[in-house]
Structures are given as structure tokens and as C-alpha cells.
Amino acid sequence: MTVNLPPVYEPKEVEDKIYQFWLENNYFYAAREEGKKTFTIVIPPPNVTGSLHMGHALDNTIQDVLIRWKRMQGYDTLWLPGTDHAGIATQNKVEEHLASEGLSRYDVGREKFLQMVWEWKEEYHGRILKQLYKLGVSCDWSRERFTLDEGCSKAVREVFVSLYEQGLIYRGDYMINWCPRCHTAISDIEVEHEEKSSTLTHIRYPGVDWAGSIVVATTRPETMLGDTAVAVHPEDDRYRHLVGKKVMLPLMNREIPIIADEYVDPSFGSGAVKITPAHDPNDFEIGLRHDLEAIKAIGDDGNMTPEMGEYAGMDRHEARERVVKDLQKLGLVEKIEDYSHSVGHCQRCNTEIEPLVSLQWFVKMKPLAEPAIKVVKEGKTRFIPERFTRTYLNWMENIRDWCISRQIWWGHRIPAWYCSCGEMIVSRTDPERCPACGGGDLEQDPDVLDTWFSSALWPFSTLGWPDKTPDLEHYFPTNVLVTGYDIISFWVARMIFMSMAFMKDIPFEEVCVHGLVRDALGRKMSKSLGNGVDPLEVIDKFGADTLRFTLITGQAPGNDQRFRYENVEASRNFANKIWNASRFVLMNLEDFRPQGLPADLNRHQRWILDRYVDTVEQTNMLLEKYELGEAAKTVYEFIWGDFCDWFIELSKVPLYGKDGPEKEKSKAVLYYVLEGTMRLLHPFMPFISEEIWQHLPRKGKDKALITSSWPKPEGNLSDKQARMEMNLVMQVIRAIRNLRSEIGFPVGKKAAVILRAPAKYLRLLYQEEVFIKKLAWAEGVTFIDTIAKKPPQALTAIVDEIEVYLPLGGIIDLEQEISRLEKELQGVEKDLKKVVAKLSNDNFLKKAPGNIIEKEKNKHDELDSKRKKLTTRMTELKKLL
RNA sequence: GGGCGAAUAGCUCAGUGGGAGAGCACCUGCCUUACAAGCAGGGGGUCCGGUGUUCAAAUCACCGUUCGCCCA
């Protein structure tokens with residue numbers, strides 16, 4: 001065959017074409033083949049809010065590596081793709097868009113608004129898919145899902161009603177986190193705490209039925225308007241006598257009681273605290289214990305409520321200043337000190353969260369958490385790396401009830417209806433009549449569910465649950481979930497407890513946790529910083545294989561990585577290297593028909609095959625352990641270091657020579673190794689490997705690399721002898737190159753070489769003569785045995801028991817050579833000293849394992865012989881001075 | 001307050017109970033008919049500090065320092 005590939009790899013010419021080829025041949029489709037082991041991954045569904053970022057690129061590349069690897073290993077693989085409706089986030093986007101036209105969602109109405117969100121969803125869903133195609137992911141697109149599609153919605157409805165019937169979902173007035181900007185309740189984990197410098201205001205409340213006053217300290221003076229008590233610790237002697245008495249709440253002129261509660265920390269501030277049950281989670285608890293009224297001072301919009309007299313309608317921050325000012329006028333502010341404390345912010349819009357009491361829906365978590373804790377403790381679901389188990393358990397064991405209702409429109413509407421008679425109906429099907437009064441005046445709850453409620457069902461709702469589908473039967477539980485550590489509690493934990501509750505089984509066996517992709521300076525990539533790198537841009541400029549390889553090699557399990565263009569370039573260079581090595585092989589495979597490996601392999605061939613099987617084994621082992629970065633590096637080192645730098649160079653001798661049979665053997669091995677290496681490379685760099693593979697003059701019926709098999713070397717190709725011999729030969733070549741370079745002898749210019757070696761090595765070296773000549777630019781190699789006289793005016797190097805001489809006569813500076821040897825001798829003596837110390841230690845000899853002692857002894861002999869040879873040589877040279 | 005992580009070459013980071021590694025950067029020499037996105041050679045490190053366990057610690061344990069993250 002004739003091959004004419006360009007010398008620079010152009011991903012653009014290849015990638016779209018190859019992806020199309022895979023799609024057209026349906027290679028990603030999971031055929032549900034009986035008798036095959038399954039390997040299933042469900043994608044962490046990206047939000048339809050916007051486009052994919054580097055984190056998605058990493059997450060999906062990891063999944064694709066695993067899926068391609070398992071597919072080639074012959075598993076019945078399913079990678080199920082999909083997207084998430086992302087309630088608040090998506091709704092915010094569309095509202096922003098509306099706001100730019102001066103409209104709010106209320107102006108357009110619920111129905112019209114939802115239609116607009118669906119349009120938005122369609123657009124971004126399309127973009128996301130295009131991005132995933134570009135990245136080269138091999139998802140089964142025929143099974144794609146969306147959290148708001150019919151099937152997922154059915155699952156959501158079933159779970160909600162079922163949990164309600166079991167008493168695990170309830171509705172009630174409790175303290176929740178309210179985002180005044182998103183205008184909805186959010187769950188505890190959607191609140192991000194941020195340390196802020198603020199002030200601690202000490203306010204004096206005058207006594208009513210006693211003389212004197214009591215001082216309370218607060219970071220939120222404006223909430224005092226809603227105070228309904230002052231609390232002290234029951235054992236605090238300073239205040240014990242005041243418990244049960246009353247103080248006058250300034251500004252509001254309301255009498256409130258002094259109560260005693262264990263919660264109060266006597267060492268904080270004055271030891272007395274104001275209690276605002278409507279605006280602080282702890283105060284709310286105290287309020288319940290003491291039956292206090294919860295007076296709402298701040299409304300849903302973040303402004304003071306109408307009941308707050310002259311402060312009514314004022315923004316909460318403005319009210320804070322006014323309240324302090326007014327209290328100061330009354331002389332009731334004791335002092336204001338600087339204080340730092342953590343303030344909750346909305347994860348979606350960064351607005352300060354307002355804790356307030358509100359009528360919401362909740363999931364009772366304790367009973368659901370228990371089995372979810374158990375399966376992880378029993379190791380049925382494992383986190384990788386293992387340390388994330390603690391993150392998970394820590395959260396699960398301290399879980400609180402989950403507020404699941406959201407006051408937005410985009411999402412799964414809560415399946416509860418209220419009748420004018422006061423009856424509430426929770427139902428799997430939309431009710432038409434009230435079962436209590438028979439009336440038809442029913443109104444559905446206007447709220448929707450937390451997005452994570454539907455994502456929590458993802459591993460089984462996407463496979464068809466609550467129906468008993470063949471897919472669910474066949475592919476559940478899934479094998480591995482790949483995700484970032486930032487959503488372990490949001491998502492991973494919830495999938496586990498929902499799966500335990502409804503499937504009575506784990507959702508996945510392993511959770512492969514990765515870190516974040518940061519910018520080159522180590523900062524989180526964010527819109528506001530504008531430091532995000534668009535994966536599409538990188539793909540466009542460098543190719544998807546390059547981006548994938550960069551992300552994979554930059555990744556150590558569970559650790560963050562920085563995205564740097566230096567690394568991208570290194571990966572790009574690697575792709576080009578692969579391309580050129582393949583070009584070289586293909587250029588030499590004219591009229592070649594693969595017929596398996598020849599029988600009488602030479603040393604180089606046995607060596608590269610030994611390296612190849614070792615690489616396959618290593619790569620496989622690392623993939624098993626989810627060490628994808630190390631696995632990719634192993635392949636990199638083999639291709640660049642062993643195959644290109646050595647084997648291809650060595651092969652040039654027979655390929656360019658006249659020995660026909662040797663030439664054919666070379667072709668056969670080059671082909672064999674390149675073909676196998678493309679299979680090994682495929683999960684990491686699917687495009688270039690498929691492209692090259694398609695150019696190979698293959699035997700066999702496989703039409704595509706993607707569905708061919710994972711390398712399984714023929715027979716036993718491991719060859720210890722070849723390995724040892726080649727190591728020696730390579731060391732000799734390196735030693736010669738090194739000597740030449742030491743004195744600035746130009747590369748390519750020939751120089752004579754003398755090798756003085758013991759008899760056992762002479763044959764080996766003689767056989768390798770032509771290769772030593774080529775790779776070390778030797779004019780000729782003279783072999784002498786150890787009794788032969790050494791060349792006088794020559795550079796010296798010692799490799800094992802072999803002495804390497806470069807007899808360069810006049811151009812050698814003897815003094816310089818002596819001092820060079822002296823330096824080397826010092827190094828040898830330093831190492832020798834360490835070894836001697838070990839070997840003369842009785843405890844070492846007694847307790848260290850045999851192979852270690854053996855190793856140290858060998859090392860000792862080698863160093864000692866080298867020391868002797870160097871010393872002798874130095875004395876000889878000194879005589880010449 | 002509780003938990004977790006990081007600290008290794010100039011930079012970014014792997015690694016591991018038994019001779020300190022990679023990529024990039026740097027220095028030297030090369031257009032050697034696959035590749036200058038390349039080839040050959042080189043310099044450069046108290047593996048954060050301390051204590052302990054061990055025949056052996058950069059690696060394990062404990063204490064500390066600095067930085068980062070998560071949770072309350």
C-alpha cells in the first residue's frame with residue numbers, strides 16, 4: 001500500500017470525520033447482550049443552563065476512557081447520557097434575559113414563561129451535545145435522558161407520593177434558608193458560608209418590673225425588632241435572679257421575658273442574648289422550647305414587614321443602620337466592636353441568605369440516611385480515593401431534614417392539591433374531585449421540587465424505573481459514578497439513599513472522585529473572574545485528543561489540577577510524535593501483509609515486545625485502580641521513550657539494509673507493536689489512534705478500533721534476558737554519547753570506539769556493533785578483552801564491567817579528563833560508603849528481606865569494581881602528564 | 001469549633017517503606033532521509049521543620065509551621 005501522510009498531524013482533518021464514522025456505525029449503542037458482563041455508567045447530567053466548562057471536559061473524558069477500555073475488553077457497555085433541568089439556575093438565566101427587556105416572569109405569566117425556558121433548554125441542550133461530540137465521548141445517544149422528560153417525571157411523582165405515604169415527606173412551618181433575590185427557599189447545602197468582617201452591636205434593654213437593664217450583643221441589630229425574649233444561661237449567677245422578669249424592647253416598646261436556656265454561651269458577649277425566633281435557626285429552636293411567638297421582621301423580599309412601624313418596607317441593610325442610629329439617639333447602644341463571623345450566601349446568586357420561618361415541604365432524612373450509611377460502611381459502594389468516604393459519612397451522619405420545595409416555576413411541580421374545603425390531596429395521578437367533599441375546586445401547590453430531588457433518582461429513573469424495563473433489569477446497579485468532590489453531598493449521597501429506598505440496592509459500586517480544573521494561577525475558573533478556558537477553543541486549536549490527554553495526565557485521583565497551555569502543548573507534541581512514528585512505520589510497510597509475529601526474533605525485537613507486554617500490563621493495572629493519569633503516562637513513556645527513541649532507530653538498520661528476511665521481520669514487529677499500541681492508546685486518544693489504525697494494513701475482520709479488542713499479547717512475550725542485554729547495550733551507547741558530548745565532539749561526526757570487556761560480554765557487544773556504530777556515531781568499534789592493553793590517550797567511561805574508550809588522541813585535555821574522572825569517582829565513593837554501611841550492619845543482614853540484601857550486595861560489587869577501574873585509569877593518565 | 005488536603009528541581013506536579021522522578025523552563029551541540037511540535041547531552045532538590053516507629057523513612061505515626069478546601 002502507498003501512504004502519503006502529512007508530516008504534521010492535523011486533528012481537524014480527522015476528528016469530525018471519525019466521530020461521524022463511529023456514529024454512523026452505531027458503535028456506542030449498548031445492545032443488551034445476554035451472557036456478557038455489563039459495565040454501566042450514567043453521566044452526571046450537565047445543567048442546561050449554559051455551555052460546558054473544563055470540569056465537564058475532565059469528568060467526561062474520564063468516563064470515556066473507562067467506557068472505551070471496558071468496551072474493548074468485551075464488556076456489554078452502556079454509557080447513558082443526559083442533561084439536568086437545573087431549576088433555579090436555568091430559571092435565573094431566563095429571568096435575566098427577561099429583565100434586559102424590562103420584564104419579570106410575572107409579567108409574562110407561568111405558562112408563557114415555562115415555554116420560554118423550554119426554548120432556552122433546547123438551545124443550550126444542543127450546544128452541550130455538540131461539545132460532547134467534539135470531545136469524542138462514546139455515549140449511547142439513543143438512550144439520552146432529561147430530568148424533566150416524561151419518564152423522569154413519572155419517577156419523581158412516584159417517589160414523592162410514596163415517601164409522603166410513608167410519612168417521610170411532610171409539610172410545615174419551619175426555619176428555612178430564604179434567598180430574597182431568587183425568591184425561594186433553598187436547602188442547607190445550597191448556602192455557602194463566607195467569613196465576613198462585621199460589627200457586634202451591644203444593645204441595652206431596660207428592665208420593666210425591675211430596676212436596671214440587660215445588655216445583649218448581636219451582629220444583626222435590625223432583627224431586634226422581632227425579638228420575643230432575652231435568654232441567659234440557667235447557671236449564670238449574674239442573671240439567675242432576673243429569669244422570669246421582663247425587659248422593654250426599645251423602638252418597638254414591647255415587653256419581652258427573660259428566659260433561661262442551656263443553649264446560651266455565658267462567655268459570649270455579656271452572656272445574655274436576644275431571641276428572634278423568626279430569623280435565626282437557633283432562636284427558632286429556643287422559641288419552640290419556650291413557646292415564644294415568632295414575629296417576622298423581614299419579609300420574603302428582604303424588606304422590613306409592614307408590622308415594623310416606621311421601618312416597614314425598608315431594605316434589611318438600610319434598616320440595620322437606622323435601627324442602630326435610633327438606638328444611639330436613645331443612648332441604648334453600649335458599644336460597637338469589630339467582629340468577624342460567617343454569613344450565608346445563596347449558591348446561585350450570592351445574595352445574603354435570610355433565615356426565616358416558612359411553610360415548606362421537607363424530607364425526613366434520618367430513616368433514609370441509615371441504610372445509605374450502612375452500605376458505604378460495609379464497602380458495597382466504595383469511594384475512590386478512599387478518603388472521600390469520610391466526607392460522605394460525615395455529612396450523612398449529621399444530616400438534617402431536607403427542604404425540597406422551591407418557589408419557582410421551572411421544575412417538577414409538587415403533586416399536592418388543596419381543596420377549598422381544606423383537604424390536601426397528594427396523588428400519583430392528577431385528581432379531579434376532592435375525596436373529602438367531592439368538590440372540584442382543587443388547586444395544585446404552586447411550588448416545584450428541588451432539582452436535586454430528580455437528580456437523586458438519575459441512576460434508575462433513566463433506566464426506566466418505576467417500570468420494570470429490560471434496561472433496568474440488565475444494567476442496574478451501575479458500575480461507577482465519575483464526579484467531582486464538590487457534589488458528593490448534593491448528589492452522590494442523595495442518589496445512594498434514594499436508591500436504597502426505592503431499588504433496595506446501591507446505585508453504583510464505585511464512586512471515582514476527581515478534583516477541580518483551576519486556571520494557571522490555581523484560581524477557581526469562574527465567570528466573574530473571566531478566567532475560564534473554553535474546552536471548545538482548546539479543541540479547535542489543538543484537537544480533542546490533546547485536550548483529553550492534557551486533562552488525564554494532569555489528574556491525580558481526587559486532586560485539583562491547573563490548566564496550563566504548556567501542558568497542552570506537550571500533549572500536542574505527543575500526538576504529533578505518534579503521528580510521525582506511525583508515518584515512519586507505514587512508509588516502510590509497502591507490500592506488507594500481517595501474518596503474526598515471526599518465529600526467530602532478534603534481540604531488539606524481543607526487547608521491544610518485552611517492553612510492550614510490560615506496558616500493557618502496567619496500563620491495565622493502573623486503570624483498574626482508577627489511576628488514569630499514571631496509566632496515560634505509562635503509554636506516553638513507552639511510545640516516546642522505548643518505541644520511538646530506541647526501537648525505530650534500531651529498526652532502521654535492517655529496514656535500510658539488504659537482508660530481505662531481516663527486513664520482513666522488522667516490518668512484522670513494527671506493525672505488531674504499533675497496532676497494539678494504538679489499541680492501548682485508544683481510550684486516551686481515540687481519534688488519532690482510530691485514524692492511524694484505519695491506515696494500517698490489518699488482518700482480521702474488525703472494522704473499527706473502537707470495537708476491536710484490548711491488547712492481549714500473543715503467548716509469553718516477556719523476556720528477561722533481552723531486557724538485561726538491551727539495558728547494557730543502551731548504557732554503552734549512552735556512555736559513548738556522553739563522552740563525546742563532554743568534550744563538545746559534534747553529534748554525527750564519527751569517532752573511533754574501543755570496548756574492553758570480559759569474555760562474557762564480548763559476543764553480545766560484537767553482535768550489536770553495527771547498532772552501536774549507528775546510534776553513537778562510531779567510526780568503528782574495536783573489541784578487546786580485559787587482558788589487552790588499554791589505549792593511552794582516550795576518554796574513559798565504565799558501564800558495568802565494560803570499559804568504554806574514545807581514543808581521540810591530541811584533542812584530549814588530559815588534566816581535564818583526570819578531573820572529570822575524579823568527580824565521578826567521588827560520586828561512586830559516596831554511594832559505596834552508604835552500601836558498605838548497610839552491609840556491615842548486622843541488623844540489616846538479619847532483618848531485611850533476602851532480595852534486598854542481594855540487591856545491595858550486587859550494588860556493592862558493581863560500585864567497587866567501578867571504583868577500582870576509575871582509580872587505575874586515573875593513575876595511568878597521570879603518568880602521561 | 002469539627003473534618004480533609006497540600007508542602008518534592010526555577011515553574012507546574014507525579015510518586016513511593018529499600019538506589020530522588022516527569023513535563024515545561026534553562027545550558028551545550030545538532031536541519032542524523034518519521035518528527036525542529038524534533039534529536040543527543042547536561043546542570044539543578046535539607047523531598048516544609050521537629051520527634052518517634054523501623055535493619056531501613058521523602059514515604060508510616062505524632063507535634064508544629066504555612067497555604068487551601070469542606071462542614072457547623
Side-chain angles (χ1 to χ4, degrees), chain A residues 3 5-9 188-189 191-193 281-282 342 344 385 387-391 393-395 398 400 485-486 488-489 515-516 518 520-524 542 546 550 553-588 627 629-630 633 636-637 640-641 644-645 648-649 651-652 655-656 670 733-750 774-777 831 834-835 837-839 841-849 851-853 855-856 858-859 862-863:
Chain A
V3 202
L5 301 176
V8 172
Y9 176 56
D188 294 338
I189 46 177
V191 178
E192 286 177 354
H193 295 269
N282 295 311
S342 96
R387 67 183 139 93
F388 291 107
T389 311
R390 228 172 300 187
T391 308
L393 288 176
N394 192 35
W395 188 70
N398 296 295
R400 296 196 305 184
Y485 59 70
D486 50 336
I488 289 177
S489 38
L516 311 177
R518 298 172 172 276
L521 299 173
R523 299 170 304 182
K524 220 166 168 168
F542 296 91
T546 293
T550 306
T553 50
Q555 189 250 0
N559 287 1
D560 290 353
Q561 64 173 306
R562 297 189 193 198
F563 186 86
R564 306 166 86 230
Y565 275 102
E566 290 95 316
N567 298 345
V568 178
E569 278 169 23
S571 301
R572 188 266 320 262
N573 294 352
F574 178 51
N576 200 48
K577 187 76 180 176
I578 295 164
W579 185 251
N580 276 290
S582 307
R583 265 181 79 220
F584 172 83
V585 174
L586 287 166
M587 280 160 56
N588 286 287
E627 306 222 11
E630 287 299 301
K633 283 180 199 165
Y636 177 100
E637 276 163 22
W640 203 313
C644 292
D645 289 348
I648 284 184
E649 292 307 319
S651 298
K652 284 176 181 175
L655 282 177
Y656 298 160
L670 280 167
I733 290 169
R734 286 200 184 102
I736 299 167
R737 287 170 174 172
N738 177 298
L739 287 181
R740 296 167 53 105
S741 165
E742 289 280 356
I743 57 157
F745 201 83
V747 169
K749 199 175 161 190
K750 308 273 191 205
K774 175 167 169 54
L775 297 190
W777 310 283
D831 289 345
K834 277 198 244 171
V835 181
K838 270 192 186 177
L839 288 173
N841 181 344
D842 279 347
N843 277 326
F844 174 74
L845 296 173
K846 246 189 291 180
K847 297 188 180 173
N851 61 327
I852 296 293
I853 298 176
K855 219 165 135 188
E856 289 296 319
N858 288 340
K859 199 162 119 190
E862 208 173 297
L863 286 168

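Convention: sequence-line order gives letters A, B, ...; per-chain numbering from 1. Because the structure is a prediction, the values reported are computed rather than measured.
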**Student:** Taking atom P of B:rG3 as reference, at what distance in whole Å does atom CZ of A:F388 sit?
**Tutor:** 17 Å
**Student:** Does one side chain, of A:N573 or A:Y9, offer a donor that lies under 3.5 Å from an acceptor on the other?
**Tutor:** no
**Student:** To the nearest Å, give me how far apart CG (A:D831) and P (B:rG18) are.
**Tutor:**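 So the two atoms are 17 Å apart, to the nearest Å.
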**Student:** Based on Watson-Crick and G-U pairs with both distances under 3.5 Å, what dot-bracket line describes RNA chain B 5' to 3', crossing pairs as [ ] and inter-strand pairs as |?
**Tutor:** (((((((..((((....[..)))).(((((.......))))).....(((((..]....)))))))))))).
**Student:** Closer than 3.5 angstrom, by distance alone: can the side chain of A:N394 be matched with the main-chain N or O of A:R390 as a donor-acceptor pair?
**Tutor:**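 No; zero donor-acceptor contacts below 3.5 Å.
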**Student:** Does A:Y485 form a side chain to side chain contact (heavy atoms under 4.5 Å, CB included) with A:T391? I'd like the steps, not just the answer.
**Tutor:** CA-CA 9 Å; A:Y485 59 70; A:T391 308; over 6 Å; no
**Student:** With rounding to whole Å, what would you report as the distance between B:rG38 and B:rG23 at their P atoms?
**Tutor:**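 11 Å, rounded to whole Å.
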**Student:** Quick one: does any side-chain atom of A:T550 pair with a main-chain N or O of A:T546 as donor and acceptor, under 3.5 Å?
**Tutor:** yes
**Student:** For A:F844, is the NZ or CZ atom of A:K846 found under 6.0 angstrom from the centre of its six-membered ring and inside 45 degrees of the ring axis?
**Tutor:**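 Relative to the ring axis of A:F844, which defines the angle, A:K846 lies outside at least one limit.
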**Student:** Between N or O atoms, less than 3.5 Å apart, protein on one side and nucleotides 33-40 of chain B on the other: list the pairs.
**Tutor:**
{"residue": "B:rA34", "atom": "OP1", "partner": "A:K652", "partner atom": "NZ", "Å": "3.2"}
{"residue": "B:rA34", "atom": "OP2", "partner": "A:Y656", "partner atom": "OH", "Å": "2.7"}
{"residue": "B:rA34", "atom": "O2'", "partner": "A:N580", "partner atom": "OD1", "Å": "2.6"}
{"residue": "B:rA34", "atom": "O2'", "partner": "A:R583", "partner atom": "NH1", "Å": "2.6"}
{"residue": "B:rA34", "atom": "N7", "partner": "A:K652", "partner atom": "NZ", "Å": "3.4"}
{"residue": "B:rA34", "atom": "N6", "partner": "A:C644", "partner atom": "O", "Å": "3.3"}
{"residue": "B:rA34", "atom": "N6", "partner": "A:E649", "partner atom": "OE2", "Å": "3.1"}
{"residue": "B:rA34", "atom": "N3", "partner": "A:N580", "partner atom": "O", "Å": "3.2"}
{"residue": "B:rA34", "atom": "N3", "partner": "A:A581", "partner atom": "N", "Å": "3.3"}
{"residue": "B:rC35", "atom": "O4'", "partner": "A:N580", "partner atom": "OD1", "Å": "2.9"}
{"residue": "B:rC35", "atom": "O4'", "partner": "A:N580", "partner atom": "ND2", "Å": "3.4"}
{"residue": "B:rC35", "atom": "O2'", "partner": "A:N576", "partner atom": "ND2", "Å": "3.4"}
{"residue": "B:rC35", "atom": "O2", "partner": "A:K577", "partner atom": "NZ", "Å": "3.1"}
{"residue": "B:rC35", "atom": "N3", "partner": "A:K577", "partner atom": "NZ", "Å": "2.9"}
{"residue": "B:rA37", "atom": "O4'", "partner": "A:N573", "partner atom": "OD1", "Å": "2.9"}
{"residue": "B:rA37", "atom": "O2'", "partner": "A:N576", "partner atom": "ND2", "Å": "3.3"}
{"residue": "B:rA37", "atom": "N3", "partner": "A:R572", "partner atom": "NE", "Å": "2.9"}
{"residue": "B:rG38", "atom": "OP1", "partner": "A:N573", "partner atom": "ND2", "Å": "3.1"}
{"residue": "B:rG38", "atom": "O3'", "partner": "A:K577", "partner atom": "NZ", "Å": "3.1"}
{"residue": "B:rC39", "atom": "OP1", "partner": "A:K577", "partner atom": "NZ", "Å": "2.7"}
{"residue": "B:rC39", "atom": "OP1", "partner": "A:W640", "partner atom": "NE1", "Å": "2.7"}
{"residue": "B:rA40", "atom": "O3'", "partner": "A:R737", "partner atom": "NH1", "Å": "3.4"}

**Student:** With rounding to whole Å, what would you report as the distance between B:rA7 and B:rU12 at their C1' atoms?
**Tutor:** 14 Å
**Student:** Starting at the 5' end of RNA chain B and moving along, which residue's nearest nucleotide shows up first, A:N843 or A:V191?
**Tutor:**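 Result of the comparison: A:N843.
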**Student:** Rounded to the nearest angstrom, tell me the gap between atom NZ in A:K846 and atom C1' in B:rA56.
**Tutor:**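 Value for this atom pair: 15 Å.
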**Student:** In terms of ring plane angle, is the pair A:Y636 and A:W640 parallel, tilted or perpendicular, where the classes change at 30° and 60°?
**Tutor:**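 Aromatic pair A:Y636/A:W640 classed tilted.
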**Student:** B:rC13 and B:rG19: how far apart are their P atoms, nearest whole angstrom?
**Tutor:** 28 Å
**Student:** Could you walk me through whether A:E566 and A:E569 pass side chain to side chain contact (heavy atoms under 4.5 Å, CB included), step by step?
**Tutor:** CA-CA 5 Å; A:E566 290 95 316; A:E569 278 169 23; 5.8 Å; no
**Student:** What integer number of Å spans the P atoms of B:rU32 and B:rG18?
**Tutor:**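 Result for the P pair: 44 Å, nearest Å.
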**Student:** Between B:rA20 and B:rU46, how many Å separate the two C1' atoms, rounded to a whole number?
**Tutor:**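 The same atom, C1', in both gives a distance of 13 Å.
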**Student:** How far does the C1' atom of B:rA22 sit from the matching atom of B:rU8, given to the nearest Å?
**Tutor:** 12 Å
**Student:** Remember a base hit wins even if backbone is also touched, and classify A:A570 as base, sugar-phosphate or nothing at under 4.0 Å, heavy atoms.
**Tutor:** sugar-phosphate
**Student:** Do other residues, nucleotides or ligands put more than 12 heavy atoms under 6.0 Å from A:K774 NZ?
**Tutor:**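 Buried by this count: over 12 neighbours within 6.0 Å.
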**Student:** Nearest whole angstrom, please: distance from the P of B:rC71 to the OH of A:Y485.
**Tutor:**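 It works out to 11 Å between those atoms.
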**Student:** Can you tell me, in whole Å, how much space there is between the C1' of B:rA57 and that of B:rC62?
**Tutor:**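 It comes out at 14 Å once rounded to the nearest Å.
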**Student:** Just the rounded figure in Å: distance from C1' of B:rC69 to CD of A:E192.
**Tutor:**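 Interatomic distance, CD of A:E192 to C1' of B:rC69: 12 Å.
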**Student:** By nearest heavy atom, map A:K847 and A:N394 onto RNA chain B; which one lands nearer the 5' end?
**Tutor:** A:N394
**Student:** Just the rounded figure in Å: distance from C1' of B:rG5 to CD1 of A:I488.
**Tutor:** 13 Å
**Student:** What interatomic distance, in whole Å, is found between C1' of B:rG68 and the corresponding atom of B:rU53?
**Tutor:**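 Looking at atom C1' only, B:rU53 and B:rG68 are 30 Å apart.
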**Student:** How does protein reach along nucleotides 9-14 of chain B, written 5' to 3' as B (base within reach of a heavy atom under 4.0 Å), S (only sugar-phosphate), or - (no contact)?
**Tutor:** --SSSS
**Student:** Is it the case that over 12 heavy atoms from other parts of the model lie below 6.0 angstrom from the CZ atom of A:R400?
**Tutor:**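 No.
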**Student:** Salt bridge or not for A:E630 and A:K633, using N-O below 4.0 Å?
**Tutor:**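 Result for this pair is yes, salt bridge flagged.
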**Student:** Please report the C-alpha distance between A:V835 and A:K838 in whole Å, then the side-chain angles of each, then the deciding distance to 0.1 Å, and finally whether the side chain to side chain contact (heavy atoms under 4.5 Å, CB included) criterion is met.
**Tutor:** CA-CA 5 Å; A:V835 181; A:K838 270 192 186 177; 5.6 Å; no
**Student:** Starting at atom CD of A:E742, determine the distance to atom C1' of B:rG41, rounded to an integer number of angstrom.
**Tutor:**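 Atom-to-atom, A:E742 to B:rG41, this comes out as 8 Å.
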**Student:** B:rA56 P sits how many Å from A:K855 NZ, rounded?
**Tutor:** 18 Å
**Student:** Counting distance only, does the side-chain N/O of A:N588 pair as donor-acceptor with the main-chain N or O of A:F584 below 3.5 Å?
**Tutor:** yes
**Student:** Any side-chain to backbone donor/acceptor pair from A:W579 onto A:P6? Under 3.5 Å, distance only.
**Tutor:**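 Indeed, once roles are kept as given, a pair shorter than 3.5 Å links the two residues.
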